[in-house]
Amino acid sequence: MTVTGLRPDADSAAVRCDNLVHVYGTPGSEVAALRGVDLTVRQGEMVALLGPSGAGKTTLLWHLAGLLRPTAGTVEINGRRLTELGGSALARLRLEEVGLLLQNPARNLLPYQSAAGNLLFAQAPARRSGAAKRKRASHLLDTVGLARVAHQRAGRLSGGEQQRLALAIALANEPRLLLADEPTTQLDPESAAAVIELIRSANASEGTTVVAVTHDPAVASALGRTITIRDGRVGAEGRAGQEYVVVGRDGALQLPPELFDLLPPGSLAHAVRHDQGVLLRRVNTDAADEDRQ
Ligand code: ADP
Ligand code: MG
């Protein structure tokens, strides 16, 4: 699906953040949640966002969904810079191209509607017949193992059932981009596997780009590429199980915390050219001062 009146570019990245900064709060009590995030996700890629609690993962996901305005920097989704879109163009983009699963599953649902009713409501903007919408609703309910509770009120479902329904809702309109915040936290391993399978099959059959915040190693390994956010920045990236530090635009890099015993934050190091890269050699500052005397 495309947003009319705009120019979605099929060759553009699904997600591009350029020096994205987000500061919450009012002058005097600010929290810098994102401190210059650079991130590109190609069309059809699947990415897991990892990192400790408070690192800025949810804030980043909300920016990708166009729910927050950057304090500085830019966010582009499917080739369009979000800050350049008017309110209605942004709303259409979110409705037609982005599927969003918020961290609190209940916030994704209409609690007084049935599970099936929620899926029909989610498809309201889709250009499909009523019969096609009902068919898609029951297919999605089947896939996430909720066919049995199709006619129960969403608000009465268990946390895990609500989470699975929320994912089905996020995928109802075959979004080009699926954003999911901790999609498996409330699930037993079997339900988590069903959720992972649904995400992977959307990716395989429709080319859906996926960005999911997760603490679940099963989700991270199913998605393949991992981005670790620490202290509001991209700290590390993992591909095929291998972990790498990311050299930022100004040459800055975050050392993995497990190396802090060798190079504690605040210590000095010699950066030395090495045939395979750069070697960081710790400097004993006391000895260096003595040498100078
Ligand atoms: P994560 O999802 O990685 O746990 P968040 O994006 O939720 O991290 O939060 C990042 C930082 O921003 C934290 O320090 C958090 O306390 C702060 N924060 C999040 N939401 C708000 C808000 N609405 N107002 C003020 N500070 C917030
Ligand atoms: Mg969060």
Side-chain angles (χ1 to χ4, degrees), residues 15-41 46-75 77 82-83 90 94 98-109 159-160 162-164 166-167 169-170 177-187 192 195-196 199 209-223 225-238 243 245-246 248 252-258 260 265:
V15 168
R16 194 189 304 278
C17 298
D18 191 27
N19 208 9
L20 176 62
V21 174
H22 190 88
V23 178
Y24 287 109
T26 47
S29 62
E30 295 104 335
V31 178
L34 299 177
R35 301 161 182 258
V37 170
D38 292 312
L39 173 66
T40 302
V41 180
M46 295 200 287
V47 174
L49 291 181
L50 313 177
S53 177
K57 307 179 295 296
T58 293
T59 305
L60 177 55
L61 208 72
W62 279 48
H63 274 286
L64 304 189
L67 295 172
L68 291 172
R69 288 186 84 78
T71 305
T74 58
V75 179
I77 299 298
L82 298 188
T83 42
L90 184 62
R94 291 199 348 235
V98 179
L100 177 63
L101 173 59
L102 297 171
Q103 191 163 357
N104 175 355
R107 290 183 65 187
N108 299 283
L109 313 168
Q162 290 187 354
Q163 199 161 32
R164 285 182 276 155
L167 177 64
I169 290 170
L177 174 63
L178 172 68
L179 304 171
D181 203 346
E182 313 219 8
T184 61
T185 39
Q186 314 225 5
L187 303 180
V195 157
I196 292 169
I199 292 175
T209 306
V210 178
V211 179
V213 174
T214 188
H215 289 111
D216 182 344
V219 176
S221 72
L223 300 190
R225 180 179 170 202
T226 63
I227 305 274
T228 301
I229 308 291
R230 282 192 222 106
D231 208 13
R233 290 201 190 91
V234 173
E237 175 157 345
E243 196 72 358
V245 293
V246 178
L253 50 84
Q254 283 189 350
L255 290 184
E258 63 270 20
F260 283 1

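Atoms within a ligand are numbered from 1 in the order they appear, just like the ligands themselves. Just so it is clear, the structure is predicted and the values come from calculations on it, not from any experiment.
When the options Thr214, Thr58, Asn104 are evaluated for a side-chain hydrogen bond (donor to acceptor under 3.5 Å, both in side chains) with Asp181, the one that passes is Thr58.
Among residues two or more places apart in sequence or in another chain, the side-chain hydrogen bond (donor to acceptor under 3.5 Å, both in side chains) test is passed with Glu182 by His215.
For Thr58 atom OG1 and Gln103 atom OE1, the angle they make at the Mg ion (ligand 2) is roughly 70°, to 10 degrees.
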Exercise. Can you check side chain to side chain contact (heavy atoms under 4.5 Å, CB included) on Val211 and Leu60, steps first, answer last?
Worked result: CA-CA 10 Å; Val211 179; Leu60 177 55; over 6 Å; no
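Between the side chain of Gln254 and the backbone N or O of Val245 there is no donor-acceptor pair closer than 3.5 Å. Between the side chain of Lys57 and the backbone N or O of Gly51 there is at least one donor-acceptor pair closer than 3.5 Å. The main-chain N or O of Asp18 is never found under 3.5 Å from a side-chain atom of Asp38 such that the two would form a donor-acceptor pair. Side-chain atoms of Asn108 come within 3.5 Å of backbone N or O of Leu102 as a donor-acceptor pair.
In this structure, ligand 1 sits under 4.0 Å from heavy atoms belonging to Tyr24, Val31, Ala33, Pro52, Ser53, Gly54, Ala55, Gly56, Lys57, Thr58, Thr59.
Residue Thr59: no N/O/S atom is found under 2.8 Å from the Mg ion (ligand 2).
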